[in-house]
Amino acid sequence: MISRIDLRGAPLPEGAALRDLLPRAEFDVEAALEKVRPICEDVRHHGAAAVIDYGEKFDGVRVPSLRVPAEAITRALEELDPAVRAALEESIRRARLVHREQRRTTHTTQVVPGGTVTEKWIPVERVGLYVPGGRSVYPSSVVMNVVPAQEAGVRSLAVASPPQAVTPRPGGVGPEFGGLPHPTILAACALLGVDEVYAAGGAQAIAMFAYGTLGTEGTADDPGCAPVNLVTGPGNIYVAAAKRLLKGRIGIDAEAGPTEIAILADSTADPVHVAADLISQAEHDPMAASVLVTDSEELATATEAELKTQVAASKHVDDRIVPALAGRQSAIVLVRDLADGLTVVDAYGAEHLEIQTADAAAVADRVRNAGAIFVGPWAPVSLGDYCAGSNHVLPTGGCACHSSGLSVQSFLRGVHIVDYTRDALADVAHHVVTLAEAEDLPAHGAAIKARFGWKVPETT
């Protein structure tokens, strides 16, 4: 069901040579670019009509309007299962506690008397938040995108999520949910006070955010979607490709790839927990990655046995879990010791990294590359997905070596404000002129000289 990679025989290679030995899903965003390019161009030129056409083609639903009516959002919350509502409210509460603490404040540094540099943090003006809606429903992604944006002070938020596929109800009456995004997603938007929601998915939704559809809807209820400055949120390969294509016109958080978990464990780990956590990621998608790194062959063998038992009792077995565990992206990696295990997980750079070892906190403190780290047996990834207070929009595909997960900082821009008096400029003018001339940019120096009658002040 899951393969083994044995790295115990020799010293570990370094850098790319080690990364090449580790399991990873094939995720060729570059190849998908040519498929999404015409979609994005079509949306650019034809606006809402193109988004609606592609929704019918890819999602099986032709919506009368992209904008979800306010009454549909209100109704979704009214009809939400009380237990789900309570869970979402707690998830929101905890996420706000964590993300509110991330907000940076304006700071002024006095460089010299009369010369200051102030760093001011300004929220992005308008943000498009993408919430996937394919194999599963992700109201938690609404929370994880909206909360940090709100805590950053973003003024204008729009959410896009695919219209649900046509599924005949008993008696064959119409599409499920009327072609709107899933009602639990709409209810989460209502709980967060987000009323601008669009029934749009895939590359066409990203293009809608980038180019806008203003003037192409033509109704009072739906004047169109204004372009955004930044798009965040995970999605499939076509969403990632559209983000890459449109980056520059819009800011993006990341190009999300298949979800992944790595577990660094020793002989103290419980194979029941380890197997359950590997399966929890595998149920996302056939391309999901589940990786165990351990120096204990006994744990590896026990985990393999547990996988067989637990998978047999799971849902989504044949279409997600088994293909994910059996795929090239998943494996049990055997290492000589925990030091090698740390080297392996740092090379892998997992989206989610669990540490299930003796003295787990100390081991976790030595990790350099991970989207999020879950310490010990009582902090599984599932906790972080929903109610830890942390954010679950995290770097994938090894990008944790250079990128962070979504946070309040993702929605803020640091702007330097430079304020110098005449005397403060005079004191450093000769250095500025010298450096300008060293770079053969004499006009830069001239801009300083012009302020002092074309003569550089003498310094004492």
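- In summary, Arg96 and Glu151 engage in a salt bridge, as defined by a charged side-chain N under 4.0 Å from a carboxylate O.
- In this structure, the separation between OG on Ser382 and CD on Gln281 is 7.0 Å, given to the nearest 0.5 Å.
- A distance of 12.0 Å separates CG of Leu394 from SG of Cys399, quoted to the nearest 0.5 Å.
- Contacts of Arg155 classified as salt bridge (Lys or Arg N to Asp or Glu O under 4.0 Å), with partners at least two apart in sequence or in another chain: Glu125.
- For the atom pair Asp277 CG and Ser290 OG, the distance stands at 9.5 Å (nearest 0.5 Å).
- With hydrogens and angles disregarded, a donor-acceptor distance shorter than 3.5 Å links the side chain of Asn145 to the backbone of Ser141.
- Within 6.0 Å of CD in Gln110 there are more than 12 heavy atoms belonging to other residues, nucleotides or ligands.
- A salt bridge is defined here as a Lys NZ or Arg NE, NH1 or NH2 lying under 4.0 Å from an Asp or Glu carboxylate O, and Asp253 with Lys243 meets this definition.
- Checking His284 against Tyr138 by side-chain atom types alone, a donor-acceptor pair falls below 3.5 Å.
- In this structure, Thr109 and Thr116 have side chains that are not in contact, with every pair of non-hydrogen atoms separated by 4.5 Å or more.
- A distance-only check finds no donor-acceptor pair linking the side chain of Ser403 to the backbone of Ala400 [under 3.5 Å].
- A distance of 12.0 Å separates CG of Leu406 from OG of Ser390, quoted to the nearest 0.5 Å.
- Here the closest heavy-atom approach between residue Leu157 and residue Ala149 is recorded as CD2-CB, 3.6 Å.
- Using a 4.5 Å cut-off on side-chain heavy atoms (C-beta onward), Leu66 and Met208 make contact.
- The only member of His99, Arg100, Arg93, Glu101 that meets side-chain contact (heavy atoms from CB on, under 4.5 Å) when paired with Leu97 is Arg93.
- With hydrogens and angles ignored, the 3.5 Å screen pairs no side-chain donor or acceptor of Thr213 with any backbone N or O of Gly224.
- Contact check for Arg244 versus Val36: no side-chain heavy atoms found under the 4.5 Å cut-off.
- The 12-atom threshold is exceeded at OH of Tyr420, counting heavy atoms of other residues, nucleotides or ligands nearer than 6.0 Å.
- Here the side chains of Val117 and Thr108 are not in contact, with every heavy-atom distance at 4.5 Å or above.
- Checked options Gln329, His352, Arg24; the residue passing with Glu260 is Arg24 (criterion: side chain to side chain donor-acceptor pair (under 3.5 Å)).
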Open item on the list: For a side chain to side chain contact (heavy atoms under 4.5 Å, CB included) check, start with the C-alpha distance between Leu180 and Gln164, then their side-chain angles and the critical distance, and finish with the verdict.
Closed with: CA-CA 6 Å; Leu180 298 175; Gln164 293 301 292; over 6 Å; no

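- The side-chain heavy atoms of Thr294 and Val333, taken from C-beta on, include no pair separated by under 4.5 Å.
- Within a 6.0 Å sphere centred on OH of Tyr238, heavy atoms belonging to other residues, nucleotides or ligands number 12 at most.
- Looking at heavy atoms from C-beta onward, Val154 lies out of side-chain contact with Arg126 at the 4.5 angstrom threshold.
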TODO: Take Phe58 and Gln204 through the test side chain to side chain contact (heavy atoms under 4.5 Å, CB included) and record every step on the way to the result.
DONE: CA-CA 10 Å; Phe58 298 129; Gln204 62 269 24; 4.0 Å; yes

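- By the 4.5 Å heavy-atom criterion applied to side chains, Leu264 and Gln356 are not counted as neighbours.
- Glu283 contributes atom CD, which lies 9.0 Å from atom NZ of Lys315 (distance to the nearest 0.5 angstrom).
- Nearest heavy-atom pair, Gly179 versus Pro163, reported as atom, atom and distance to 0.1 Å: O-CB, 2.7 Å.
- For the pair Tyr198/Val68, no side-chain contact is recorded, criterion being any heavy-atom separation below 4.5 Å from C-beta on.
- Between Cys40 and Ala203 the shortest heavy-atom distance is SG-O, 4.3 Å.
- Proximity of a side-chain donor or acceptor of Ser91 to a complementary backbone N or O of Cys387 within less than 3.5 Å is not detected.
- We find the CH2-NE2 distance between Trp121 and His107 to be 12.0 Å, quoted to the nearest 0.5 Å.
- Arg328 and Glu26 are joined by a salt bridge, as a carboxylate oxygen and a charged side-chain nitrogen come within less than 4.0 angstrom of each other.
- Between Tyr130 and Pro234, the shortest heavy-atom contact is CD2-O, 3.1 Å.
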Task: Worked check of salt bridge (charged side-chain N to carboxylate O under 4.0 Å, His left out) between Glu119 and Arg104 - done: CA-CA 10 Å; Glu119 186 170 45; Arg104 294 187 181 183; 5.2 Å; no

TODO: List the steps and the verdict of side chain to side chain contact (heavy atoms under 4.5 Å, CB included) for Asp53 and Asp42.
DONE: CA-CA 10 Å; Asp53 286 346; Asp42 203 5; 5.9 Å; no

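- Judged purely by atom type and a 3.5 angstrom limit, Asp346 uses its side chain to pair as donor or acceptor with the backbone of Asn369.
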Task: From CA spacing to verdict: side chain to side chain contact (heavy atoms under 4.5 Å, CB included), Leu192, Val147 - done: CA-CA 8 Å; Leu192 289 157; Val147 168; 3.8 Å; yes

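- The side-chain contact (heavy atoms from CB on, under 4.5 Å) test with Ile250 is passed by exactly one of Val228, Val127, Leu230: Val228.
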Please set out all donor-acceptor pairs under 3.5 angstrom arising from side-chain atoms of residues 73-88, sequence neighbours excluded.
{"residue": "Thr74", "atom": "OG1", "partner": "Ala70", "partner atom": "O", "Å": "3.2"}
{"residue": "Asp81", "atom": "OD1", "partner": "Ala83", "partner atom": "N", "Å": "2.8"}
{"residue": "Arg85", "atom": "NE", "partner": "Glu89", "partner atom": "OE2", "Å": "3.0"}

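- Between Pro227 and Ala210, the shortest heavy-atom distance links the atoms CB-O, 3.7 Å.
- One finds no salt bridge joining Lys308 and Glu304 here, because no Lys/Arg side-chain nitrogen approaches an Asp/Glu carboxylate oxygen to under 4.0 Å.
- Judged purely by distance below 3.5 Å, without hydrogens or angles, the side chains of Thr396 and Glu351 never pair a donor atom with an acceptor atom.
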